[in-house]
Amino acid sequence: MPDPAIHYRVDATELHTHLFQVTLTVHRPAALQRLTLPVWIPGSYLVREFAKHLQGLRARQGSQTPTLTQIDKCTWEARCHPGRPLVLHYAVYANDPSVRTAWLDAARGFFNGTSLCLRVDGQTHAPHALELCTPRGTTGWSVATGLTATAVNAHGFGTYLAADYDELVDCPVEMGAFWSGTFKACGVPHRFIVAGAAPSFDGGRLLADVRAICETSIRFWHGTRKPPHKRYVFLLNAVDDSYGGLEHRNSTALICSRRDLPRLGESKTSEGYTTLLGLISHEYFHTWNVKRLRPMEFTRYDYAQENYTRLLWFFEGFTSYYDDLLLRRAGLLDDTGYLKLLNKTINQVLQTPGRTVQSVAQASFDAWVKYYRQDENTPNATVSYYTKGALVALCLDLTLRHEGHTTLDVVMRALWQRCKAGPMREADLLAVLAELGGRDFTAELTDWVHGTAELPLRQLLATQGVTVQDDTAQMAQRLGLRVTETAGVQIKVVLRGGAAERAGVAAGDEWLAVETDPRTGEGWRLHKLDDLALYAGAQRKLTALVSRDKRLLRLPLELPQGVTTWRLSLRDAPVAACWLSGVA
């Protein structure tokens, strides 16, 4: 690889100010050199305006100060002498603990290149160097990143190289006194680092479980052949209460509650740890599905504006289908445990009125303005391309299996080959389905993806030995409510068409009490929504006493009957095992 034309020097010494100091050297600038900072990060479809955290930008060319003009919210132009190195200095405020931006304090540093690295217009395809300085005043700090090291010390501080700007910003950087472990999956070196873990953390168990996930994923895509990545890094930040992940080509940034990490001396798998393993499985599956096989619209990212696609139902939804399924195939879940997670996904979709309003293809397109900007009306107007997309994948898989021609596993691998591990269109999926499935699947995608018809889940699950039981729903689902109960009953969401909506309950209300006898005014203070059944007894008509804008309202409420929720159960375990274990 030639010497880098672009060089970034990142100094994290100012820990208590949360400021990364950045020096950018452009060795051969244009006469009018334009520089931009991305407004979004791939994998998280929202304009986040990273430039709001950039400050103190100044430029030098030797002893001269070039004119630097800001063009718009994230673009600057430097009037240069061509051929002489242009050096820019600036600081970036880093106080966001999420996986999407940057963080710096006395305990830890983290950043994505989209938050720190100005993009040099006209030179984005050139090699880029990143120099990480050892922060003064720190003890035991090390570096972890997916970038290629060229000259680093024993702790990882020093210079790294990227083939171009895209690779540079697709490799987040973690620094601090973190826990680190390694393993090989199908011969590929993997590193797992954990920042913020409690003393009870069982790193050995985590490594063993993650290795099983990685090997299962690699074999899913390639059998005994090598995967496309030569190494992989997991960057996990354990905090008091958070959850999320962001995929990259040879790494992922994760955040979880430290309570969900496996604990020394405990062999039981907690619900929180299972959720964490599902997240790890999801982000690792993205190594293939969205980071390489990706929407045609993502052939080259435009970092200055929204990049629209109607295919997130495939890239996020199908990944969501396989994340827990591969836990089952890795031996980290049994059949019952997997069906419990699938059951939760199904009920989430069925309890979302927006599924009859918005198609999952439209939800993909609207991600920039709806998915990441949810409010009290979101469940009534939208559907998640994660959860419904996962159910579309389930329906396709079970249909293919029932008809006996192929499986979705085979379809995914054929898509990888057809698209040469690169950009794809929905037409590619339809072509592979027709070729391997023995017929045209346009009608299914029209109804399931571009329409709002109910998915044939009950019928298809029955073909694989799984029965659906209809159980009485909990009180929140019966009434059409989503609430919090930390300090009384606070109404967060009123679902369309439910009993609470008919009664006039509104998001933001505080449900104080329920009146059970209109003649005497007898009533009960309500602390938990499920206590409503206790106070109502056999009565169906009640009066809800709610507080709205400090006013007390009396709302007539009729408790509905016949509201149910799904419960999946195994009817024919050997039949279901073929699907769950991946047997064709």
Side-chain angles (χ1 to χ4, degrees), residues 8-24 35-41 43-44 46-59 70 73-74 76 87-119 130-145 147 155-158 160 168-179 193-197 233 235-246 248 251-258 303 372:
Y8 302 86
R9 184 177 185 270
V10 176
D11 189 335
T13 296
E14 297 187 42
L15 306 174
H16 300 297
T17 65
H18 309 288
L19 290 174
F20 282 106
Q21 298 292 336
V22 183
T23 301
L24 166 58
L35 307 129
T36 62
L37 194 67
V39 302
W40 70 290
I41 181 170
S44 185
L46 178 68
V47 171
R48 297 185 183 275
E49 311 292 19
F50 298 130
K52 68 182 179 181
H53 296 304
L54 188 149
Q55 61 189 60
L57 179 63
R58 60 191 189 278
Q70 185 165 3
K73 62 184 179 181
C74 60
W76 294 262
V87 181
L88 299 114
H89 300 276
Y90 57 94
V92 174
Y93 182 67
N95 198 31
D96 180 352
S98 79
V99 297
R100 297 177 294 263
T101 51
W103 172 270
L104 182 64
D105 67 0
R108 171 180 176 262
F110 171 84
F111 67 85
N112 289 283
T114 45
S115 294
L116 257 67
C117 299
L118 283 167
R119 189 169 179 267
L130 176 67
E131 180 186 354
L132 302 172
C133 303
T134 304
R136 295 187 302 274
T138 60
T139 303
W141 276 38
S142 297
V143 170
T145 180
L147 287 168
H155 296 285
F157 288 98
Y160 294 82
L168 175 76
V169 299
D170 200 27
C171 295
V173 174
E174 177 83 25
M175 56 183 74
F178 46 71
W179 177 91
I193 72 100
V194 181
V233 184
L235 310 174
L236 174 60
N237 182 29
V239 297
D240 181 60
D241 183 23
S242 192
Y243 172 84
L246 190 61
H248 302 278
S251 62
T252 181
L254 307 161
I255 189 168
C256 76
S257 166
R258 58 177 60 93
Y303 295 99
Y372 289 93

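- The side chain to side chain contact (heavy atoms under 4.5 Å, CB included) test with Ile41 singles out one residue from Thr101, Val169, Val99, Asn112, and that residue is Asn112.
- Side chain of Arg258 to backbone of Gly196: a donor-acceptor contact under 3.5 angstrom is found.
- Ser142 and Phe178 get closest at one heavy-atom pair: O-CE2, 3.3 Å.
- With Thr252 contributing its side chain and Leu246 its backbone, the two residues share a donor-acceptor pair below 3.5 Å.
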Under the criterion side chain to side chain contact (heavy atoms under 4.5 Å, CB included), I'd like the reasoning laid out for Leu118 against Tyr90: C-alpha separation, chi angles, the key distance, then a yes or no. CA-CA 10 Å; Leu118 283 167; Tyr90 57 94; 3.5 Å; yes
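- In terms of modelled atom types and a separation under 3.5 Å, the side chain of Thr134 and the main chain of Phe157 share no donor-acceptor contact.
- Of the possible donor and acceptor atoms, none in the side chain of Thr13 sits under 3.5 Å from a partner among the backbone N and O of Pro135.
- Contact between Ala102 and Leu116 at its shortest, heavy atoms only, is CB-CD1, 4.0 Å.
- Listed for the Thr17 side chain is a donor-acceptor partner under 3.5 Å among the backbone atoms of Glu14.
- Aromatic ring orientation, Trp103 versus His18: tilted (interplanar angle from 30° to 60°).
- To the nearest 0.5 Å, the span separating SG on Cys256 from CG on Asp241 amounts to 10.5 Å.
- When side chains are defined from C-beta on, Thr114 counts as touching Tyr303, because their heavy atoms get closer than 4.5 Å.
- Under a 3.5 Å cut-off, the side chain of Tyr93 and the backbone N or O of Lys52 do not form any donor-acceptor pair.
- Relative to the six-membered ring of Tyr372, Arg48 meets both conditions, a distance below 6.0 Å and an angle of at most 45° to the axis.
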Residues Asn237, Leu235; criterion side chain to side chain contact (heavy atoms under 4.5 Å, CB included); working and verdict: CA-CA 7 Å; Asn237 182 29; Leu235 310 174; over 6 Å; no
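- By the 4.5 Å heavy-atom criterion applied to side chains, Leu104 and Leu15 are counted as neighbours.
- Glu49 is linked by a salt bridge (Lys or Arg N to Asp or Glu O under 4.0 Å) to Lys73, counting only residues two or more places apart in sequence or in another chain.
- Put simply, the side chain of Leu24 does not reach to within 4.5 Å of the side chain of Val87, judged on heavy atoms.
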